[in-house]
Amino acid sequence: MRQREFPAVFNTRIHLGESSWIQILLGLALTVWSAFGKPTNDDLDQATEIRGSTFVLAANLFGATGQSFEPNAPELYRQTVWWRWTAPNSGIYAWRTSTHSQRTAVTILEADGLGQFALLAATYVRPATGLFIDNFAPDPQGSFAALGGHTYWIRLDGVRGGVFDGTFPPDPLIEPYQVSVEFQRLDLAPQVNDSFQNRHLLTNTSPVLAGTLLTATAEIGEPAAHEASVKRTLWWEWVAPGRGTATLEFAGTNAPPLAAIYRRAPWQLLDPVATSATVFGNSCARFWHARGKLDFDTEAGEAYLLQLDAFPDCDLSQSFSAQLQFQPAPVNDLISNPTEVSGLDWSLESSNEGATLSTGDPSVPGQTGSSSVWYHWHLPGPGLIQVTTNEPTRFAELGVEVLPPDGGTSGSVWTISIGPCGDPFADLYPPPPFMPVIALFRPIGSVGDQPTLDFQVQGTNEIWAELTTTNAWLQLDGPQGVTGRARLNGHLTPSPSNDALSRAEPLPSAPVRVTGRSAGATAEIGERLPPPDILPHGSELLPRRTVWWRWKAPAAGTWVLRVEVGAGDHAFVVYRGGESGEIAPVAATFQQPALFRAAAGEELQIGVFGVAGFGGNIAFHLVPALLPKLGPPTLERNVLGETSWRFEIPPTWDLPFEVETSPDLRVWAPVITDWFRGAGAFHLPIETENGARFIRFRLGPP
């Protein structure tokens with residue numbers, strides 16, 4: 001048993017913790033029974049004095065009470081009895097609750113030089129799950145480290161049963177509530193690396209750690225892996241063979257020990273690097289727990305101190321086994337040594353496994369930096385870039401199809417795009433699954449061989465950005481430093497050749513179907529804007545991604561611009577005027593077909609304005625606005641006995657039209673019908689008093 005001051009490495013006093021039972025050899029027993037009423041050792045200042053290394057504590061808690069300073073855990077009755085014990089020898093002492101005893105909680109306390117009590121060990125009241133079982137199950141055994149000649153206080157309490165999500169009243173403490181706990185010193189030798197000074201040196205790249213924490217103790221001034229740990233520690237030292245990531249992983253089904261990693265800081269202090277602590281729980285309970293795997297970054301030649309401790313749910317009597325594995329950092333771990341990529345398209349397998357947090361690396365707070373690798377993209381020119389783990393979106397290039405004189409087909413193409421405590425315990429703060437986090441930076445300078453970067457955009461699985469430079473730096477990471485592998489695909493969409501009115505793409509002087517894209521387009525200074533009344537609310541604040549076409553009408557008449565692709569996120573505007581002169585809008589649409597009149601040979605400019613996201617594909621028709629052929633009407637009577645003529649019209653017809661009537665072909669008057677877009681027919685009421693009349697069907701005004 002050790003008790004000595006540490007060198008300047010540690011500076012806090014640590015109190016020891018509880019553990020679980022190992023076989024006890026029964027010896028001399030001291031039994032104290034309280035038959036009826038309040039026990040004689042009900043209060044701390046009335047604690048019964050006991051001695052020896054083997055003893056039995058027994059009591060009836062029915063008449064016991066609690067004191068104001070005692071903790072009030074919801075699973076405890078707070079009906080306690082006390083003993084005061086002086087350890088005859090240093091060592092590990094274990095307790096076991098009698099199998100015939102009620103549900104019992106044991107607490108071991110010690111006092112410091114100022115008379116303040118500190119928790120040394122306690123029964124772990126294990127939360128349970130299920131609809132019809134107790135929510136709190138006390139472990140029947142535990143252990144603690146004691147120093148010979150030191151005095152300790154032992155408290156016994158009862159543990160409630162049948163507590164169900166706080167909705168059932170607690171069960172009453174029954175009479176009698178007999179408890180009995182056996183104590184014995186364990187005849188076990190401590191491990192050599194129980195003390196920091198005698199820590200075990202691990203000598204290879206992937207060493208194995210094994211042992212048991214049952215005989216482990218803590219030293220005065222030793223750093224605590226966690227405030228809730230039992231403070232039963234073993235120590236190792238390992239020198240990293242290089243820059244990279246080390247992984248400590250435990251085997252077995254027992255709750256793993258709590259691992260903490262330190263490195264030397266100035267003045268021989270220890271600087272915490274990583275810990276495996278987390279919180280487990282469900283809808284009814286929470287408790288500290290250690291993960292079975294821990295990663296930490298390494299530097300070549302750096303010495304790392306490994307401390308194993310435990311949370312109360314870990315069975316210290318069980319042996320543990322863990323392996324420490326080292327993975328070198330990838331070659332592109334540093335921004336000064338990125339993987340070079342170039343061209344309009346590239347694709348490669350990427351991994352941030354083994355990557356580290358590099359000094360001086362720019363990062364996106366909370367997203368990238370802790371396990372990042374770097375890529376330098378030499379762009380062939382400015383434009384819209386994508387970096388994605390999926391297939392990049394590839395946009396249509398400029399194209400034109402001359403249609404028959406009647407305008408060909410018309411229409412639009414659309415793309416549609418158990419009980420409250422029965423749930424199992426789970427890690428409430430688990431490391432997130434690996435999902436590539438990509439960040440884009442542009443250079444704004446350099447210091448030595450390392451560029452100075454300006455953050456542009458970040459995203460999970462993919463990013464989009466518009467760049468005017470020909471260099472870009474990409475950073476791949478995982479959320480909260482999680483590592484993994486992914487295929488990265490890069491694609492650059494250059495600015496379209498018809499990005500400006502001065503570079504408008506000429507079209508044949510004929511009915512045409514036109515394709516292109518606004519992706520990668522920009523807005524020029526002083527460029528025309530679409531009429532605001534055709535834009536959706538708020539889109540006037542978005543950047544304009546404008547592309548242009550120039551067209552001469554092949555014949556005089558009414559023409560229609562019909563949108564096929566791009567409706568909803570583009571504004572289509574027809575302007576009257578030449579390339580070098582002033583232009584004025586004559587028709588515009590955001591979704592519906594746009595009618596306009598043109599003289600033969602008249603030059604028009606068609607501007608398409610992308611008003612959503614990074615733009616997209618475009619397809620539209622410029623065709624004559626021709627009336628559909630109507631068949632002869634049919635007579636139809638409705639349920640009210642009203643008679644009307646029914647005219648069939650193609651259900652895909654989407655242009656406005658007017659219906660007029662005349663008695664003599666000279667004076668025409670409009671007729672109101674029940675037609676609406678896509679109806680497929682309209683009805684014309686019969687006016688018997690007017691006799692015969694003429695009806696005509698013509699396009700509405702453009």
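Annotation: side chain of Thr123 is not in contact with side chain of Thr107 (no heavy-atom distance under 4.5 Å).
Here the CG atom belonging to Leu357 is positioned 6.5 Å from the CG atom belonging to Asp297, to the nearest 0.5 angstrom. Note that CG of Leu213 and CD1 of Ile92 are 10.5 Å apart. Values are rounded to the nearest 0.5 Å. Atoms OG1 and CG, on Thr368 and Leu476 in that order, are 9.5 Å from each other to the nearest 0.5 Å. The OG1 atom of Thr97 sits 9.5 Å away from atom CG of Asp139, with the distance rounded to the nearest 0.5 Å.
What you find for Pro432 and Val482 is that their closest heavy atoms are O-CG2, 3.1 Å. Annotation for Thr275 and Leu258: closest pair OG1-CD1, 3.7 Å, computed over non-hydrogen atoms. Nearest heavy atom pair, residue Thr205 against residue Pro241, reads CG2-CG, 4.1 Å. Here the closest non-hydrogen pair linking Ser101 and Ser180 is OG-N, 3.1 Å. Summarising the geometry of Cys314 relative to Asn254, their closest heavy-atom pair is SG-ND2, 4.0 Å, with the distance given to 0.1 Å. Across all non-hydrogen atoms, the minimal contact from Ile108 to Trp95 is CG1-CZ3, 4.1 Å.
For Phe55 and Phe183, the ring centers are positioned less than 6.0 Å apart. Centroid-to-centroid, the aromatic rings of Tyr177 and Tyr77 come within less than 6.0 Å. Taking the ring centroids of Phe425 and Phe287, they lie under the 6.0 Å cut-off.
Judged by distance alone, the side chain of Ser358 and the main-chain N or O of Asp361 form no donor-acceptor pair under 3.5 Å. Using a distance-only test at 3.5 Å, with no hydrogens or angles considered, a donor-acceptor pair links the side chain of Gln79 to the main chain of Leu61. A donor-acceptor pair is defined here as one N or O able to donate and one able to accept, closer than 3.5 Å; such a pair exists between the side chain of Ser371 and the backbone of Gly481. Of the possible polar contacts, one joining the Trp85 side chain to the Gly52 backbone as a donor-acceptor pair under 3.5 Å is found. Judged purely by atom type and a 3.5 angstrom limit, Asp157 has no side-chain atom pairing as donor or acceptor with the backbone of Ala105. No donor-acceptor pair under 3.5 Å is formed between the side chain of Arg291 and the backbone N or O of Pro256.
Using a cut-off of 4.0 Å between Lys/Arg side-chain N and Asp/Glu carboxylate O, Arg155 and Glu70 are scored as salt-bridged.
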Are Leu209 and Trp236 close enough, and set up right, to give a side-chain contact (heavy atoms from CB on, under 4.5 Å), and what steps lead you there?
-> CA-CA 9 Å; Leu209 291 69; Trp236 290 262; 3.6 Å; yes

Going through the distances and angles, do Thr104 and Val181 end up as a side-chain contact (heavy atoms from CB on, under 4.5 Å)?
-> CA-CA 8 Å; Thr104 308; Val181 184; 4.0 Å; yes

Do Leu44 and Phe117 pass the side-chain contact (heavy atoms from CB on, under 4.5 Å) test, and can you show the C-alpha distance, the side-chain angles, and the key distance before you say yes or no?
-> CA-CA 11 Å; Leu44 174 66; Phe117 284 97; 3.7 Å; yes

Which is it for Leu306 and Leu324 under the side-chain contact (heavy atoms from CB on, under 4.5 Å) test, yes or no, and what are the steps along the way?
-> CA-CA 10 Å; Leu306 283 67; Leu324 183 66; 4.3 Å; yes

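Checked by atom type, the side-chain pair Asp295/Thr247 shows a donor-acceptor distance below 3.5 Å. Side chain to side chain, Glu237 and Tyr304 fail the donor-acceptor criterion of an N or O pair below 3.5 Å. Between Thr151 and Thr86, the side chains place a donor N or O and an acceptor N or O closer than 3.5 Å (distance only, hydrogens not considered). Glu222 and Thr233 are linked by a side-chain donor-acceptor pair at a separation below 3.5 angstrom, with hydrogens and angles left out of the test. In summary, the side chains of Thr278 and Asp427 do present a donor paired with an acceptor at a separation below 3.5 Å, with no hydrogens or angles considered. A donor atom on one side chain and an acceptor atom on the other are not found under 3.5 Å apart for Asp309 and His226. A donor-acceptor contact closer than 3.5 angstrom links the side chains of Arg232 and Ser143.
For Tyr429, the OH atom sits in a loose shell: 12 or fewer heavy atoms of surrounding residues, nucleotides or ligands are nearer than 6.0 Å. For Asp187, the CG atom sits in a loose shell: 12 or fewer heavy atoms of surrounding residues, nucleotides or ligands are nearer than 6.0 Å.
In this structure, the salt bridge (charged side-chain N to carboxylate O under 4.0 Å, His left out) partners of Arg243, at least two apart in sequence or on a different chain, are Glu299, Asp333. Under the salt bridge (charged side-chain N to carboxylate O under 4.0 Å, His left out) criterion, Arg485 pairs with Glu353, not counting sequence neighbours. Asp42 meets the salt bridge (charged side-chain N to carboxylate O under 4.0 Å, His left out) test with Lys38; sequence neighbours excluded.
Stacking of Arg199 on the aromatic ring of Phe196 is recorded, both the 6.0 Å distance cut-off and the 45° axial limit being met.
Between Trp374 and Phe441, the ring planes are tilted. Angles from 30° to 60° get that label.
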